[in-house]
Amino acid sequence: MVVEHTFTATADTDPAGGVEAAPIVVASNRGPVSYRLHEDGSLAAGRGGGGLVSGLSAIGPDAGAVWVCAALTEGDRRAVAHAGRRLDTGDTGGHRVRMLDIPPATFAAAYNGVANSVLWFVHHMLWQTPLEPVFDRDFRAQWAEYEAYNTAFADAIAEEAAEGASVLVQDYHLTLVPGLLRARRPDLRIGHFSHTPWAPPDYYRLLPDDIAEQVLRGMLGGDRAAFLTRRWAEAFAACCASVLGGRGAKVVREDGVATAVRFEGRTTRLGVHALGADAAFLRERAHRPDVEEWMTTLRRQFGPDRRVLLRVDRTELSKNIVRGLHAYRRLLEDHPEWREQVVHVAFAYPSRQDLKVYRDYTAEVERVAQEINTAFGTEGWQPVSLHVKDDFARSLAAYRLADVALVNPIRDGMNLVAKEVPVVSDHGCALVLSREAGAAAELGDDAITVNPYDVEATARALHAALLMDPGERAERSKRLASAATALPPARWFVEQLRALEAR
Ligand code: G6P
């Protein structure tokens, strides 16, 4: 979802001409705005969506929050060069944004080299371990850049935050920030939120010992470390015990549940905030004319009477798109009665294409989809309809008309698609859901859950989902929608803030 604005170059300053210190600071790699550089040298600001953007909107501009993020594109760097300390609020949807122009080589090593190729891989358990990972001298050089990138964030936050401010640091890109910031500003309340899963100790310890320790020490510099589900919070606590137990770290448990980690005289409380879908926004957006038009187009493309089996993801290794296609092929082999009767619609939007492994994965998704179409397709029926271009209105149209949604990640922090589909669905949609998605904790009862590696079981689950009685499907969807919207982004954000203030 992107809204375009023309570029203006004034900084966000107070009437006295200075820049006000902020009582709330949010820090994340990707900010709420990105700039595109046109050929004529002009810049266009596009605004992003997502839980953080709507969460932050909930506290309103009067709260005086500042969002610190990194410049990701050449357009972003130009915009930062034009602006003063903060971007123009006309570009950012009203948010006060400090965008950091981190040197491109440092950014690339920290983002692609460490965050996306090492930390993302460890928490999603993505390595093919006979050959990888290899932690060599190149990795050490990249790690030094990751430290520099985290230091740039800590310095900027220390500069932006008012005395006693609350700071909400997001995700695996910024694991060292809480500790670095604590050293600079002991007065601050610091929380870290992980949007990913957390690795179990044996897998986490694939990291070099000193790096495994440094990441945990960084996070334990905060007052709180929060996660999307209890399972990830427990994994974090288990890693602290495993890696830092010998140095005196203690996990505090209440009624068997890990609630805090004590280490070197400090206590970091553990929190769980299960980000939910934004029902009001989704339902309104899903009934605008562009979505209605897409529904007509898609219905025509797929055939009016065919069942729609839908998946919507970034083309992301952890999303398990290839095994999903294999399961669909298995379904067509085992149940020829579904041939010509069902279309597998796969929206797989490009992601992290700077990394070869993602480009190769995208190519494999396309190859397997093509193979299925060649093997089973007929003159009037294309079994797989794969789209690789992002279009939010089209995704919503597909959410509304899908009969079955397949969400089968290898491992996923939450998975918001699983939560959005039941909210938007017109007639109810059966959900086939990986038990390794964080969302399974809340949606498992009314979804058909699967082991994501088991292609045979996934094929059977697809069959059961296609056969589900429409009445039951609608009932389950209603319950799924209510579980999915239990903690909408605005409350998710405010809950974290309150918990941090109650330290
Ligand atoms: C995950 C991460 C987010 C990230 C998103 C998109 O959901 O938890 O922090 O923003 O993926 O990834 P990207 O690398 O494109 O920002």
Side-chain angles (χ1 to χ4, degrees), residues 1-2 26-34 36 46-56 67-73 76 97 99-100 102 107-126 146 149-150 153 168-175 177 192-199 219 225-229 232 236 273-277 312-321 347-359 361-362 388-390 392 395 407 409-420 436-439 489 492-493 496:
M1 176 188 18
V2 163
V26 173
S28 65
N29 175 63
R30 188 177 287 280
V33 61
S34 67
R36 247 179 327 130
R47 279 193 245 143
L52 256 189
V53 173
S54 34
L56 193 57
W67 191 327
V68 179
C69 61
L72 307 183
T73 63
D76 289 353
V97 178
M99 195 180 254
L100 306 179
I102 291 165
F107 178 78
Y111 174 71
N112 285 322
V114 174
N116 288 342
S117 299
V118 175
L119 298 178
W120 182 268
F121 271 57
V122 79
H123 292 314
H124 291 86
M125 299 167 61
L126 293 175
Y146 181 79
Y149 160 97
N150 273 257
F153 268 82
L168 295 170
V169 180
Q170 310 297 312
D171 240 351
Y172 58 101
H173 315 92
L174 301 176
T175 57
V177 165
H192 185 279
F193 192 90
S194 293
H195 296 255
T196 61
W198 195 272
M219 296 201 26
F227 300 86
L228 286 164
T229 71
W232 314 141
F236 176 78
H273 306 280
L275 177 64
V312 179
D313 305 281
R314 291 186 294 116
T315 312
E316 161 54 58
L317 312 176
S318 62
K319 301 295 180 185
N320 207 21
I321 304 170
F347 293 156
Y349 303 134
S351 181
R352 304 186 187 165
Q353 293 292 305
D354 287 347
L355 296 178
K356 180 174 182 303
V357 62
Y358 278 72
R359 295 195 298 273
Y361 186 71
T362 307
V388 294
K389 194 172 166 292
D390 193 359
F392 188 54
S395 294
V407 180
I410 289 169
R411 210 170 149 85
D412 209 333
M414 174 56 75
N415 197 297
L416 281 179
V417 171
K419 290 190 161 183
E420 288 167 359
E436 304 305 318
W492 168 81
F493 185 82
Q496 287 177 67

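In each ligand, atom 1 is the first atom listed, and ligand 1 is the first ligand listed.
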Subject >> Single hit among V118, V122, T196 for side chain to side chain contact (heavy atoms under 4.5 Å, CB included) with Y172 >> reply: T196

Pairs under 3.5 Å, nitrogen or oxygen of ligand 1 with protein nitrogen or oxygen:
residue: ligand 1; atom: 8 (O); partner: D171; partner atom: OD2; Å: 2.8
residue: ligand 1; atom: 9 (O); partner: D171; partner atom: OD2; Å: 2.5
residue: ligand 1; atom: 11 (O); partner: R314; partner atom: NH2; Å: 3.3
residue: ligand 1; atom: 11 (O); partner: R352; partner atom: NH2; Å: 3.2
residue: ligand 1; atom: 12 (O); partner: R352; partner atom: NH2; Å: 3.0
residue: ligand 1; atom: 14 (O); partner: Y111; partner atom: OH; Å: 2.4
residue: ligand 1; atom: 14 (O); partner: R352; partner atom: NE; Å: 3.0
residue: ligand 1; atom: 14 (O); partner: R352; partner atom: NH2; Å: 3.3
residue: ligand 1; atom: 15 (O); partner: R30; partner atom: NH2; Å: 2.9
residue: ligand 1; atom: 16 (O); partner: R30; partner atom: NE; Å: 2.8
residue: ligand 1; atom: 16 (O); partner: R30; partner atom: NH2; Å: 3.3

Subject >> Side-chain heavy atoms of P32 within contact of V97, under 4.5 Å >> reply: yes

Original post:
Is there side-chain contact between D171 and S28, with heavy atoms separated by less than 4.5 Å?
Top reply: no

Original post:
Which is it for D412 and K319 under the salt bridge (Lys or Arg N to Asp or Glu O under 4.0 Å) test, yes or no, and what are the steps along the way?
Top reply: CA-CA 8 Å; D412 209 333; K319 301 295 180 185; 2.9 Å; yes

Original post:
Taking atom types as modelled and ignoring hydrogens, do the side chains of E316 and Y358 form a donor-acceptor contact shorter than 3.5 angstrom?
Top reply: yes

Original post:
Would you find a donor on one side and an acceptor on the other, under 3.5 Å apart, between the side chain of T175 and the backbone of M219?
Top reply: no

